[in-house]
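Heads up: numbering here begins at 1 and tracks the sequence. Side-chain atoms are counted along with the backbone in the values below, which use heavy atoms only and exclude waters and symmetry mates. Owing to the predicted nature of the structure, the values given are computational and were not obtained by experimental measurement.
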Amino acid sequence: MAGHFPFSGNTNRVSVFAFYERYGLNAALQEKYYKWWYDWAKKMVLADPDLSSSKGLEFTHFPFGHHAHQDFHLRQGTWTTSLIDLGAFIKGSLLPKLNDEQLHHLEEEHHHMLHELETEAKQTPREPQPELGWFRHS
């Protein structure tokens, strides 16, 4: 299984938020990153008769998952929590369906897309982390 995606390993809100921070993605670019995965997953689901029947309905609205539009106590974490849900579905249901060649192709597409987002991030930097930190409970 791929180890280059932010949801490939032991994923939680902090690890995904750190991924976004590492690449300098502001909220708009986080949404763009999420949307790339959402579109890829939706295409995969709709192309598979079993998944289309069982999960297709979940891709009729954006974003995917039971945490959609939730920040919880993680300030500005909407796209973090949304990626946790979508990533868990991708990791458990879609990535295992890919052969080595397909997975390698996906990794290459992901790498190029992330590089483009990094370039955009340099033009529109994210807000600096506040002194109290993003992870403080309110």
Side-chain angles (χ1 to χ4, degrees):
M1 183 173 304
H4 305 291
F5 310 131
F7 48 80
S8 296
N10 184 13
T11 308
N12 59 44
R13 290 178 292 200
V14 175
S15 64
V16 174
F17 193 85
F19 173 84
Y20 288 147
E21 188 172 27
R22 175 182 176 210
Y23 289 99
L25 305 183
N26 61 29
L29 294 176
Q30 290 173 28
E31 180 179 2
K32 195 172 184 179
Y33 180 83
Y34 176 89
K35 180 81 164 83
W36 187 87
W37 278 113
Y38 176 89
D39 290 343
W40 178 83
K42 182 176 181 176
K43 182 179 174 185
M44 290 284 293
V45 165
L46 296 180
D48 182 286
D50 293 332
L51 285 174
S52 182
S53 295
S54 62
K55 291 291 189 179
L57 187 61
E58 294 182 44
F59 284 92
T60 58
H61 58 280
F62 178 84
F64 170 92
H66 62 282
H67 290 118
H69 306 293
Q70 300 297 317
D71 269 345
F72 294 95
H73 63 274
L74 180 62
R75 296 186 188 116
Q76 299 182 8
T78 298
W79 299 112
T80 300
T81 54
S82 294
L83 188 61
I84 296 290
D85 290 343
L86 181 61
F89 173 69
I90 290 170
K91 182 170 87 172
S93 299
L94 299 180
L95 291 183
K97 291 182 170 283
L98 302 179
N99 63 34
D100 288 341
E101 183 180 325
Q102 291 168 320
L103 185 55
H104 180 69
H105 180 71
L106 176 62
E107 288 173 328
E108 284 183 16
E109 286 181 343
H110 179 258
H111 172 76
H112 292 298
M113 179 270 305
L114 195 52
H115 181 70
E116 289 174 16
L117 289 179
E118 280 184 289
T119 301
E120 285 185 55
K122 289 176 185 171
Q123 298 166 3
T124 57
R126 63 187 275 145
E127 291 180 42
Q129 183 160 326
E131 197 172 308
L132 294 176
W134 293 113
F135 302 112
R136 182 176 178 205
H137 288 257
S138 299

Check your understanding: So how far is it from Met113 CE to His111 NE2, rounded to the nearest 0.5 Å?
Key -> 11.0 Å
Check your understanding: Is there any salt bridge (charged side-chain N to carboxylate O under 4.0 Å, His left out) pair reaching into residues 24-39, and which pairs are they, with sequence neighbours excluded?
Key -> Lys32-Glu120, Lys35-Asp39
Practice item. Kindly indicate whether the side chain of Thr119, heavy atoms from C-beta on, has any atom under 4.5 Å from the side chain of His115. Key: yes
Point to revise | Interatomic spacing from CD1 in Ile84 to OG in Ser15 - rounded to 0.5 Å | key: 5.5 Å
Check your understanding: What are the two closest non-hydrogen atoms of Tyr38 and Thr60, and how far apart are they?
Key -> OH-N, 4.3 Å
Revision key, fill the gap. Those residues at least two apart in sequence (or on a different chain) that pass side chain to side chain contact (heavy atoms under 4.5 Å, CB included) with Ala121 are Leu25, Leu29
Practice item. Kindly say whether Asn99 contributes a backbone atom to a donor-acceptor pair with the side chain of Gln102 at under 3.5 angstrom? Key: yes
Please list, one pair per line, the donor and acceptor atoms closer than 3.5 Å that link side chains of residues 45-52 to other protein atoms, with sequence neighbours excluded.
unit_1: Asp48; atom_1: OD1; unit_2: Asp50; atom_2: N; d: 3.1
unit_1: Asp48; atom_1: OD1; unit_2: Leu51; atom_2: N; d: 2.8
unit_1: Asp48; atom_1: OD2; unit_2: Lys97; atom_2: NZ; d: 3.3

Exercise for review: List in chain and number order the residues that pass side chain to side chain contact (heavy atoms under 4.5 Å, CB included) with His105, two or more places apart in sequence or in another chain; answer none if no residue qualifies.
Suggested key: Glu109
**Study point:** Worked verdict on Leu106 versus Phe5 for side-chain contact (heavy atoms from CB on, under 4.5 Å)
**Key:** CA-CA 10 Å; Leu106 176 62; Phe5 310 131; 4.0 Å; yes
Point to revise | Sequence-distant partners of Lys42, side chain to side chain donor-acceptor pair (under 3.5 Å), two or more places apart | key: none
Review point. Centroid-to-centroid, Trp79 to Phe62, below 6.0 Å?
Key: yes
Review point. Looking at His110 versus Trp37, is the centre-to-centre ring distance below 6.0 Å?
Key: yes
Review point. Considering only heavy atoms from C-beta outward, does the side chain of Phe7 approach that of Phe89 to under 4.5 Å?
Key: no
Study note, to complete from the structure: Heavy atoms of Ala41 and Leu86 approach each other most closely as CB-CD1, 4.0 Å
Exercise for review: Look up atom CD in Glu108 and atom CG in Leu103, then write down how far apart they are to the nearest 0.5 Å.
Suggested key: 10.5 Å
Revision key, fill the gap. Result for side chain to side chain contact (heavy atoms under 4.5 Å, CB included) between Pro6 and one of Tyr33, Tyr20, Phe17 points to Tyr33
**Study point:** Test ring pair (Phe, Tyr, Trp, His ring centres under 6.0 Å) applied to Tyr23 - qualifying residues, sequence neighbours left out
**Key:** Phe19
Review point. Does Trp36 reach the side chain of Leu117, with side-chain heavy atoms less than 4.5 Å apart?
Key: no
Revision key, fill the gap. In this structure, CD of Glu21 is separated from OG1 of Thr80 (nearest 0.5 Å) by 10.0 Å
Point to revise | Straight-line distance of Leu95 CG to Met44 CE, nearest 0.5 Å | key: 8.0 Å
